[in-house]
Number of protein chains: 2
Amino acid sequence: MLSQSVENFVKAVYSLQKSDEWVGTSRLANALGQRPASVTNMAQKLAKSEDGLLIYQAYKGVKLTETGTSVALEVIRHHRLIELYLSKQLGVPWDKVHDEAEKLEHVISEDLEDRMAAALEDPTIDPHGAPIPTKDGHVAPRPSVPLASVEPGHVVEVVEVNDHDAQLLRYLGELDLYPGNRFSVLGRESFGQSISIERDGKPTSLGEEAVPHIFVTVIGEIEKKKDPE
Amino acid sequence: MLSQSVENFVKAVYSLQKSDEWVGTSRLANALGQRPASVTNMAQKLAKSEDGLLIYQAYKGVKLTETGTSVALEVIRHHRLIELYLSKQLGVPWDKVHDEAEKLEHVISEDLEDRMAAALEDPTIDPHGAPIPTKDGHVAPRPSVPLASVEPGHVVEVVEVNDHDAQLLRYLGELDLYPGNRFSVLGRESFGQSISIERDGKPTSLGEEAVPHIFVTVIGEIEKKKDPE
DNA sequence: TAAATTGTTTAGCCAAGACTAAATATTGCA
DNA sequence: TGCAATATTTAGTCTTGGCTAAACAATTTA
């Protein structure tokens, strides 16, 4: 049985390891809220273990093996299923589900996982728009681009938002910017990353704190319907 | 934040502490699946701590304070709510809910507890017939007697069964001996604690493993309905 | 290309929570 | 009442998983 620390470690490696680069100890330490020395320790321990979850090279960092990857995906599946279950079946607000899932993901049985998935009819995305890995470790890729990269004048649909920051989620919730919803990108503010948008007829300025955590697909150009002056 | 070890410790003390006697380290060790020395350690640590969960006297044992009692009741409320939730909302069989709840009870938030309770419409007993403590720490007493103490010739109703032994629960499930169900006590077997019973017209011998874990109320005398020979 | 900066590892420490073995207290019984 | 049996505590050890401070490697920059 893997400890919660190990599960969290592997999960962190997975989510930092875009492509198949090495993941450095500092980035991991940052993601885990720990000190780099602690990460080095754990990395060395896991690399030496028979579990074969990852490989470690001094001063390079860490890379998941096949085994490690599927462990990570299992934990992430737990996490996202739990988030969705809490949200849909128990009405937990979307800014709270992450923290709750963070604890529950390590203690539910496979059987319980299956039952939750069945109750939700084998869902594929979680409340923040992130894909739920399948039991056999497949992740459906969801095309999206950072909101910051969208040129003004386009209508976009929210694909996914970062689930880590509860305050951000409450803010987005107030603006009704849930995955699946659409809004128009009107323009960039003069300074910083802020963007002015229009959702449901209401124009707003989207704070620069929020922009980097929103991923969208471009639906099309803005159409000027009425007000043809 | 109390650790899981501490929560389990306090819970164990609570459930062994009928009346207000001291609870000895051996009994605790036995209940916790640990060695007596480990229990002494923990008892001394907790007694010295500022949390004030319990008092400890060398060679006597341990006794919960008010605070300790309400912590225990909180954990037990979690446990039993979770058991019932899993059973009713997710169809987890009653011999599995205990182990699952044992892990979940330490990680759910108060908010989640409230939501589960609401979804179940503020239930008062769990799948094994045990009372669910209220949020303010009240336990509705449920009058019952050990099945072993019932004289043959009576109809009884199952009030509560011990939830610790999954095998026992499967056995009782096969016999349909769920809390709320009734059966007749026909007689005692010549040796051991076995009892012959009749449930739903079907006579059975109830193994001596099972008898001490069943608690009932006496409903009345057996009436010979048909077969008046 | 050498020095300064930055990032990583090593070494040693700590707390929690379990264990065993040995010492000590309590209890039960002759 | 005193000794044997039983229960409890003490003392010391181990593992896990974190930390800090100091040493060391790699990278950046003058």
Side-chain angles (χ1 to χ4, degrees), chain A residues 1-14 16-18 21-64 68 71-72 75 102-103 105-107, chain B residues 1-14 16-18 21-64 68 71-72 75 102-103 105-107:
Chain A
M1 187 80 284
L2 301 175
S3 71
Q4 302 198 178
S5 301
V6 171
E7 287 188 351
N8 280 332
F9 191 93
V10 168
K11 190 175 60 157
V13 177
Y14 179 89
L16 292 178
Q17 181 184 289
K18 308 302 175 193
E21 309 278 297
W22 295 98
V23 181
T25 46
S26 293
R27 295 179 65 207
L28 269 171
N30 188 54
L32 288 165
Q34 296 177 3
R35 310 318 231 92
S38 307
V39 170
T40 301
N41 254 344
M42 184 63 102
Q44 291 172 340
K45 191 190 96 185
L46 292 182
K48 267 182 244 152
S49 138
E50 304 159 27
D51 301 338
L53 298 175
L54 50 80
I55 53 184
Y56 165 75
Q57 275 202 15
Y59 297 100
K60 283 261 168 79
V62 122
K63 199 187 281 196
L64 290 184
V71 166
V75 178
E102 204 65 20
K103 299 175 297 176
E105 65 189 9
H106 306 292
V107 300
Chain B
M1 186 78 285
L2 301 175
S3 72
Q4 302 199 177
S5 302
V6 171
E7 288 188 350
N8 280 332
F9 191 93
V10 167
K11 190 176 60 157
V13 177
Y14 179 89
L16 292 178
Q17 180 185 291
K18 308 301 175 193
E21 309 278 297
W22 294 97
V23 181
T25 47
S26 293
R27 295 180 64 207
L28 269 170
N30 188 53
L32 288 164
Q34 296 177 4
R35 310 318 231 96
S38 308
V39 170
T40 302
N41 253 347
M42 184 63 102
Q44 291 172 340
K45 192 190 95 183
L46 291 182
K48 268 182 245 151
S49 139
E50 305 159 27
D51 301 338
L53 298 174
L54 50 80
I55 53 183
Y56 165 76
Q57 276 202 12
Y59 297 101
K60 283 257 166 84
V62 123
K63 198 187 283 195
L64 291 184
V71 167
V75 178
E102 205 64 21
K103 298 175 295 174
E105 65 189 9
H106 305 293
V107 301

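Residue numbering restarts at 1 for every chain, and letters A, B, ... go by the order of the sequence lines.
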All N/O pairs under 3.5 Å across the protein-nucleotides 14-19 of chain C interface:
residue, atom, partner, partner atom, Å
dG17(C), OP1, Ser3(B), OG, 2.5
dG17(C), OP2, Lys45(B), NZ, 2.2
dA18(C), OP1, Gln34(B), NE2, 3.4
dA18(C), O5', Gln34(B), NE2, 3.4
dC19(C), OP2, Arg35(B), N, 3.1
dC19(C), OP2, Ser38(B), OG, 2.5
dC19(C), N4, Asn41(B), ND2, 3.4

Give the rounded distance in Å between these two atoms: [atom1] of [X] and [atom2] of [N].
X        : N      : atom1 : atom2 : result
Asn30(A) : dT6(C) : CG    : C1'   : 15 Å
Leu28(A) : dG7(C) : CG    : P     : 15 Å
Lys60(B) : dT9(D) : NZ    : P     : 12 Å

Got [X] and [Y] here, is their nearest side-chain heavy-atom distance under 4.5 Å?
X         : Y         : result
Val107(B) : Glu105(A) : no
Leu2(A)   : Asp51(A)  : yes
Val71(B)  : Tyr14(B)  : no

Problem set entry | Audit row: Lys11(A), Asn8(A), side chain to side chain contact (heavy atoms under 4.5 Å, CB included) steps and yes/no | CA-CA 5 Å; Lys11(A) 190 175 60 157; Asn8(A) 280 332; 3.7 Å; yes
Exercise. Hey, does the side chain of Glu7(B) reach the backbone of Val75(B) with a donor-acceptor pair shorter than 3.5 angstrom?
Worked result: no
Seminar exercise, completed: In this structure, CD of Glu21(A) is separated from NZ of Lys60(A) (nearest 0.5 Å) by 11.0 Å
For this session: I would like to know whether Leu54(A) and Phe9(A) meet side chain to side chain contact (heavy atoms under 4.5 Å, CB included); could you show each step before the answer?
Result: CA-CA 10 Å; Leu54(A) 50 80; Phe9(A) 191 93; 3.7 Å; yes
For this session: For Tyr56(B), report the nucleic acid contact type (base, sugar-phosphate, nothing); a contact means any heavy atom under 4.0 Å.
Result: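 Sugar-phosphate contact only.
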For this session: Could you tell me whether the phosphate oxygens of dA7(D), OP1 or OP2, come under 4.0 Å of any side-chain nitrogen or oxygen in Thr25(B)?
Result: no
Exercise. Picking from Leu28(A), Leu46(A), Ile55(A), what satisfies side-chain contact (heavy atoms from CB on, under 4.5 Å) with Val62(A)?
Worked result: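 For Val62(A), the side-chain contact (heavy atoms from CB on, under 4.5 Å) check succeeds only for Leu28(A).
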Pairs under 3.5 angstrom, nitrogen or oxygen only, protein versus nucleotides 23-26 of chain D, please.
residue, atom, partner, partner atom, Å
dA25(D), O4', Tyr59(A), OH, 3.3

